[in-house]
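Below: the structure, in structure tokens.
Numbers here simply count residues along the sequence, with the first being 1.
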Amino acid sequence: PMATNRQEKKSLVLLGSTGSIGVQALEVAPGAGYTVTGLAAGSRVAPFEEQVRRFRPAAAAMYDEKAAADLRVRVRDLPVRVLAGMEGLCELAALPEADMVLNAVVGMVGLRPTLAAVEAGHDVALANKETLVAGGALVMDAAARRGVHLLPVDSEHSAIFQCLQGAPPHTGIEDRALARLILTASGGPFFGRTAAQLETVTVEEALHHPNWSMGAKITVDSATMMNKGLELIEAHWLFSVPPECIDVVVHRESVVHSLVEYADHSVIAQLGVPDMRI
């Protein structure tokens, strides 16, 4: 069923196309058979114009109103509808021709477009963790009501999603089949340092992640371990598991991306190279 589902999902709307996840998504989308029907970015007009010219989406949106006005002038030779602001992002997320909406924006800006996509009946591939951290109850309720899938793109949550594929239907904590979810953490660049040593660290050091290549915000959040707290909240909503049944373990190599422990104490893990394109 999963393979069939993936083959059918051919039309993609990508929110956050100039960020780290967005750029990597556009690297793999053509090979996976997707056409890009909508692109959205924040304020970086030049790289976004290049993407619009390359992929020729039906519509493009920029969150920054001035950037959208600039883009409108730049791409007036193309048959692309240019949208602006939060309304533009939401309209793009709800495009009728979309099969899948990949939300890869940074921050709580992603919440309303996620809800717009869900209300439009679109499956959402979610790389925007703040959506569930800030509005988990809203999003999960809407997804259940509309009968759409939320597919996690985050490395750890994608790993748990994959580990659960072999479980019987409706497996969960409540029926005692699942024991716990285990999120892995690299520990970041400051692992093992004392409190005294941490007082003198620099932003440059924080931005030097040992295993992953990511945007600045998530890289700093990883260095402080704040990111793992956000991921715990995200996992709670995505998989309907209480926080006390979600553990975090430091795994320096980032080969095991996350694990699921069942009631019989067997553990299923997902392993791979640390590459978000996968």
Side-chain angles (χ1 to χ4, degrees), residues 15-16 19-22 24-25 42 63 89 93 101-115 117-118 124-143 149-164 173 180-191 198 201 203 205-252 254 256-260 270 274-276 278:
L15 311 177
S20 175
I21 299 281
Q24 293 176 84
Y63 183 61
L89 261 62
V101 176
L102 170 54
N103 188 344
V105 305
V106 175
M108 287 192 293
V109 170
L111 177 57
R112 280 185 58 197
T114 296
L115 288 169
V118 168
V124 179
L126 202 55
N128 169 243
K129 59 174 60 75
E130 289 86 358
T131 284
L132 292 181
V133 170
L138 282 174
V139 175
M140 299 311 292
D141 287 352
H149 298 291
L150 289 182
L151 301 166
V153 175
D154 229 358
S155 165
E156 295 81 355
H157 302 86
S158 175
I160 290 171
F161 170 78
Q162 292 174 58
C163 290
L164 290 171
I173 296 287
R180 60 181 177 143
L181 308 180
I182 305 165
L183 301 171
T184 56
S186 72
F190 303 140
F191 179 76
L198 288 173
V201 298
V203 173
E205 287 179 281
L207 288 170
H208 189 69
H209 196 280
N211 300 335
W212 292 93
S213 173
M214 306 176 290
K217 179 190 183 293
I218 189 171
T219 305
V220 171
D221 282 353
S222 295
T224 62
M225 295 292 288
M226 183 66 194
N227 183 56
K228 211 51 57 175
L230 299 178
E231 287 182 359
L232 189 148
I233 297 169
E234 188 182 6
H236 158 68
W237 288 114
L238 273 173
F239 306 111
S240 300
V241 171
E244 60 269 21
C245 296
I246 306 171
D247 286 343
V248 172
V249 63
V250 172
H251 163 56
R252 293 295 283 155
S254 297
V256 179
H257 294 154
S258 279
L259 315 90
V260 172
Q270 190 261 5
D275 184 342
M276 282 308 295
I278 295 169

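- Contact check for Val109 versus Leu89: side-chain heavy atoms found under the 4.5 Å cut-off.
- Of the possible polar contacts, none joining the Arg252 side chain to the Ala185 backbone as a donor-acceptor pair under 3.5 Å is found.
- For Val105, the side chain to side chain contact (heavy atoms under 4.5 Å, CB included) partners at least two apart in sequence or on another chain are Leu15, Asn103, Asn128.
- Nearest heavy-atom pair, Ala223 versus Ala206, reported as atom, atom and distance to 0.1 Å: CB-O, 3.8 Å.
- Summarising the geometry of His251 relative to Val256, their closest heavy-atom pair is NE2-N, 3.0 Å, with the distance given to 0.1 Å.
- Taking the side chain to side chain donor-acceptor pair (under 3.5 Å) definition, one finds that His236 meets it with nothing, sequence neighbours left out.
- Partners of Ser155 by side chain to side chain donor-acceptor pair (under 3.5 Å), not counting sequence neighbours: none found.
- Phe239 is linked by a side chain to side chain contact (heavy atoms under 4.5 Å, CB included) to Pro152, His157, Ile160, Phe161, Leu164, Leu181, Ala235, Val241, counting only residues two or more places apart in sequence or in another chain.
- Residue pairs meeting the salt bridge (Lys or Arg N to Asp or Glu O under 4.0 Å) criterion with at least one member in residues 104-115, sequence neighbours excluded, are Glu87-Arg112.
- When all heavy atoms of Thr114 and Thr131 are compared, the pair lying nearest together is OG1-OG1, 3.4 Å.
- Evaluation of the side chain to side chain contact (heavy atoms under 4.5 Å, CB included) rule for Ile233 yields Val133, Trp237 as partners, not counting sequence neighbours.
- The backbone N or O of Gly215 sits less than 3.5 Å from a side-chain atom of Thr219, completing a donor-acceptor pair.
- The side chain to side chain contact (heavy atoms under 4.5 Å, CB included) check on Ile278 picks up Val273, Asp275, with sequence neighbours excluded.
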Return all side-chain donor-acceptor pairs below 3.5 angstrom for residues 242-249, not counting sequence neighbours, or 'none' if the list is empty.
| residue | atom | partner | partner atom | Å |
| --- | --- | --- | --- | --- |
| Asp247 | OD2 | Arg180 | NH1 | 2.6 |

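- By the side chain to side chain donor-acceptor pair (under 3.5 Å) test, Ser186 is found to be paired with His209, residues two or more places apart in sequence or in another chain being considered.
- Across all their heavy atoms, Leu102 and Ala127 have their closest contact at CD1-CB, 4.5 Å.
- Pairs of residues two or more places apart, or lying in two chains, that qualify as salt bridge (Lys or Arg N to Asp or Glu O under 4.0 Å) and include a residue from residues 209-234 are Glu130-Lys217, Glu156-Lys228, Lys217-Asp221, Lys228-Glu231.
- Scored by the side chain to side chain donor-acceptor pair (under 3.5 Å) test, Ser258 finds no partners at all (sequence neighbours excluded).
- Considering only residues two or more places apart in sequence or on other chains, His257 meets the ring pair (Phe, Tyr, Trp, His ring centres under 6.0 Å) condition with Trp212.
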